[in-house]
There are 2 protein chains.
Amino acid sequence: MAEATTRERILGAADRLFGSHGFRGTSLRALTREAGVNLAAVHYHFGSKHELLVATLSRHIDAINAARIAQLDALEAAHPNGDIPPLDLLNALVRPAFAFRHASPENAEVVQRLSALLHSEPLEIVHPLMEGLFSRVMQRFAAALERALPDLEPEEVYLRIQITIGAMVSALAGRHPPDLADAPGLDEEERIDHLVHFLAAGFSAKPLNGADS
Amino acid sequence: MAEATTRERILGAADRLFGSHGFRGTSLRALTREAGVNLAAVHYHFGSKHELLVATLSRHIDAINAARIAQLDALEAAHPNGDIPPLDLLNALVRPAFAFRHASPENAEVVQRLSALLHSEPLEIVHPLMEGLFSRVMQRFAAALERALPDLEPEEVYLRIQITIGAMVSALAGRHPPDLADAPGLDEEERIDHLVHFLAAGFSAKPLNGADS
DNA sequence: GTCTATACACGGATAGAC
DNA sequence: GTCTATCCGTGTATAGAC
């Protein structure tokens with residue numbers, strides 16, 4: 001386990017420490033000590049602490065997105081005429097993120113901190129970054145959802161996808177509002193079922209048209 | 001405008017600089033220079049940079065929550081028997097946040113950075129903080145929604161509120177996913193209408209019951 | 001009670017030797 | 001590619017003036 005390229009050792013330590021102590025709570029000195037490499041190696045291989053985090057997140061997010069695309073491909077193959085049930089599309093979009101989190105518990109927190117870091121940076125920096133990570137996946141799903149819901153204007157489909165993403169990240173991040181009562185009640189699996197159920201109902205709502213042509 | 005107590009000058013500068021440059025991007029030295037006060041004044045009045053942000057956010061969030069409570073009071077007064085339409089409850093919950101943002105454009109970004117900062121801190125710190133800021137409001141709305149949707153288990157109501165909050169913050173923060181196409185299309189007002197419409201449909205979905213007693 | 005000046009320890013970053 | 005030494009900005013703490 002001690003044998004690995006310097007770059008990989010850094011990425012491994014980043015997974016562990018960013019996940020457990022957060023981004024701000026992890027100093028490069030502690031990280032490089034954990035990795036058994038020199039302090040300056042981070043800057044040589046990644047350029048900055050920030051870009052190291054981006055690289056860390058990209059690894060995981062790319063894996064999640066690959067699973068999404070795979071499921072979408074399977075759905076489109078199973079429905080050659082294009083009428084994929086919206087519920088199936090939502091499952092393909094939402095569940096890979098939770099599956100990943102469940103598969104690799106220590107890396108789960110890394111993903112959780114994504115939105116935090118991104119939102120704490122200026123929008124001019126964040127936006128192109130998200131673009132690079134997500135745009136291809138989202139455009140695939142947008143196209144599929146437009147076909148599945150032909151009554152909706154494209155703008156409305158886009159907006160509903162944004163709402164879906166927001167609800168999903170907040171569910172991924174854990175409880176957003178304070179614990180309403182103790183209410184454990186639902187385990188993770190049930191929570192996902194309910195989430196997708198809720199989103200499917202919202203997505204299937206009839207169009208809300210003002211004065212449109 | 002230059003006349004104000006030191007504490008107020010600091011809070012004003014915090015609104016401007018946290019809003020425009022973010023939390024991490026604002027040093028206490030820049031902030032105190034903008035405010036025209038001494039560096040140590042922040043520590044004296046607030047204890048730390050972190051607590052200064054908490055104070056800044058609390059000011060705004062408390063105002064938003066007061067508006068929510070006022071609207072909920074009005075709804076409950078208008079429906080003494082307790083059957084408030086869920087759509088009305090969602091409007092009372094969601095719209096004050098956007099109204100505030102629209103009223104005070106430069107402070108809008110301050111609120112946007114809330115979740116960012118909170119999520120970048122350890123959960124043990126974040127959780128009690130959110131508890132103090134939101135729990136009273138959320139419990140009021142949870143109770144009202146439980147009465148309005150008696151078919152749902154309380155746990156399911158709680159979960160749907162969490163989903164709602166997540167969708168709302170992401171909508172408040174701007175586009176979460178990359179700009180799907182250029183798609184301006186919808187202005188802010190329409191986006192809010194669509195958001196509430198979507199959430200109302202999700203909230204009114206029939207219960208999703210597994211094997212329950 | 002308030003505010004100022006100053007000191008400290010730590011962070012990320014960089015230059016340059018090897 | 002790797003490492004050492006160093007720089008400068010940062011949040012924080014404190015001693016003491018008003």
Side-chain angles (χ1 to χ4, degrees), chain A residues 2-58 110 113 116-118 120-122 125-126 129, chain B residues 1-58 110 113-114 116-122 124-126 129:
Chain A
E3 347 234 313
T5 156
T6 298
R7 193 189 152 87
E8 287 165 350
R9 297 173 65 85
I10 293 174
L11 284 171
D15 279 351
R16 288 188 295 273
L17 295 186
F18 287 158
S20 54
H21 299 17
F23 181 72
R24 271 185 57 200
T26 303
S27 73
L28 284 183
R29 285 171 173 83
L31 193 149
T32 49
R33 181 154 23 88
E34 161 90 10
V37 304
N38 185 269
L39 171 61
V42 170
H43 292 92
Y44 176 79
H45 285 282
F46 297 93
S48 71
K49 184 187 184 187
H50 176 90
E51 290 178 81
L52 169 60
L53 180 75
V54 171
T56 299
L57 292 169
S58 297
V110 176
R113 315 240 180 219
L117 177 85
L118 295 184
S120 65
E121 300 290 335
I125 296 179
V126 171
L129 202 149
Chain B
M1 188 192 289
E3 346 235 312
T5 155
T6 297
R7 195 189 152 87
E8 288 165 350
R9 297 173 64 84
I10 293 174
L11 284 172
D15 278 350
R16 288 189 294 274
L17 294 187
F18 286 159
S20 54
H21 301 357
F23 181 73
R24 272 185 56 203
T26 304
S27 74
L28 285 183
R29 284 167 176 83
L31 193 149
T32 50
R33 181 151 27 88
E34 161 92 7
V37 304
N38 186 271
L39 170 62
V42 170
H43 190 258
Y44 175 77
H45 284 282
F46 298 94
S48 71
K49 183 188 183 186
H50 177 90
E51 290 179 77
L52 169 60
L53 180 75
V54 171
T56 299
L57 292 170
S58 296
V110 175
R113 315 245 179 215
L114 164 70
L117 177 83
L118 294 184
H119 282 280
S120 65
E121 300 290 334
E124 303 77 54
I125 296 179
V126 171
L129 202 150

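Every chain is numbered from 1, with letters handed out A, B, ... down the list of sequences.
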N/O donor to acceptor pairs below 3.5 angstrom from side-chain atoms of residues 30-38 of chain A, sequence neighbours left out:
{"from": "A:Thr32", "atom 1": "OG1", "to": "A:Leu28", "atom 2": "O", "distance (Å)": "2.7"}
{"from": "A:Thr32", "atom 1": "OG1", "to": "A:Arg29", "atom 2": "O", "distance (Å)": "3.1"}
{"from": "A:Glu34", "atom 1": "OE2", "to": "A:Arg16", "atom 2": "NE", "distance (Å)": "2.7"}
{"from": "A:Glu34", "atom 1": "OE2", "to": "A:Arg16", "atom 2": "NH2", "distance (Å)": "3.2"}
{"from": "A:Asn38", "atom 1": "OD1", "to": "A:Ala40", "atom 2": "N", "distance (Å)": "2.8"}

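Residue pairs meeting the salt bridge (charged side-chain N to carboxylate O under 4.0 Å, His left out) criterion with at least one partner in residues 43-54 of chain A, sequence neighbours excluded, do not occur; the list is empty.
Atom CG of residue A:Leu11 and atom OG1 of residue A:Thr6 lie 11.0 Å apart, to the nearest 0.5 angstrom. In this structure, NE2 in B:His50 is found 8.0 Å from CZ in A:Arg24, a value given to the nearest 0.5 Å. Note that the CZ atom of A:Arg7 and the OH atom of A:Tyr44 stand 11.0 Å from one another [nearest 0.5 Å].
One interatomic measurement links the two molecules: CZ of B:Arg9 to P of C:dT4, which rounds to 10 Å at whole-angstrom precision. In this structure, the NE2 atom of B:His43 is 14 Å from the C1' atom of C:dA7, given to the nearest Å. Across the protein-nucleic acid pair, A:Leu17 atom CG and C:dG11 atom C1' stand 16 Å apart, rounded to whole Å. Regarding B:Asn38, its CG atom lies at a distance of 10 Å from the P atom of C:dT6, rounded to whole Å.
A:Phe18 and A:Phe23 have tilted rings, their planes meeting at an angle from 30° to 60° on a 0 to 90° scale.
For the strand DNA chain D, secondary-structure stems (runs of at least three Watson-Crick or G-U pairs, all distances below 3.5 Å) span C:1-10 with D:9-18, C:12-18 with D:1-7.
Proximity of residues 26-34 of chain B to DNA chain D (heavy atom under 4.0 angstrom from any strand atom) is restricted to B:Thr26, B:Ser27, B:Leu28, B:Arg29.
Of the candidates B:Leu53, B:Ile10, B:Val54, B:Phe46 forms a side chain to side chain contact (heavy atoms under 4.5 Å, CB included) with just one, namely B:Ile10.
Which of C:dT6, C:dA15, C:dA5 sits closest to the side chain of A:Ala40 comes down to C:dA15.
With a cutoff of under 4.0 Å to any heavy atom of chain B, the contacted region of DNA chain D is bounded 5' to 3' by D:dT10 to D:dT14.
No donor-acceptor pair closer than 3.5 Å links the side chain of A:Thr56 to the backbone N or O of A:Ala14.
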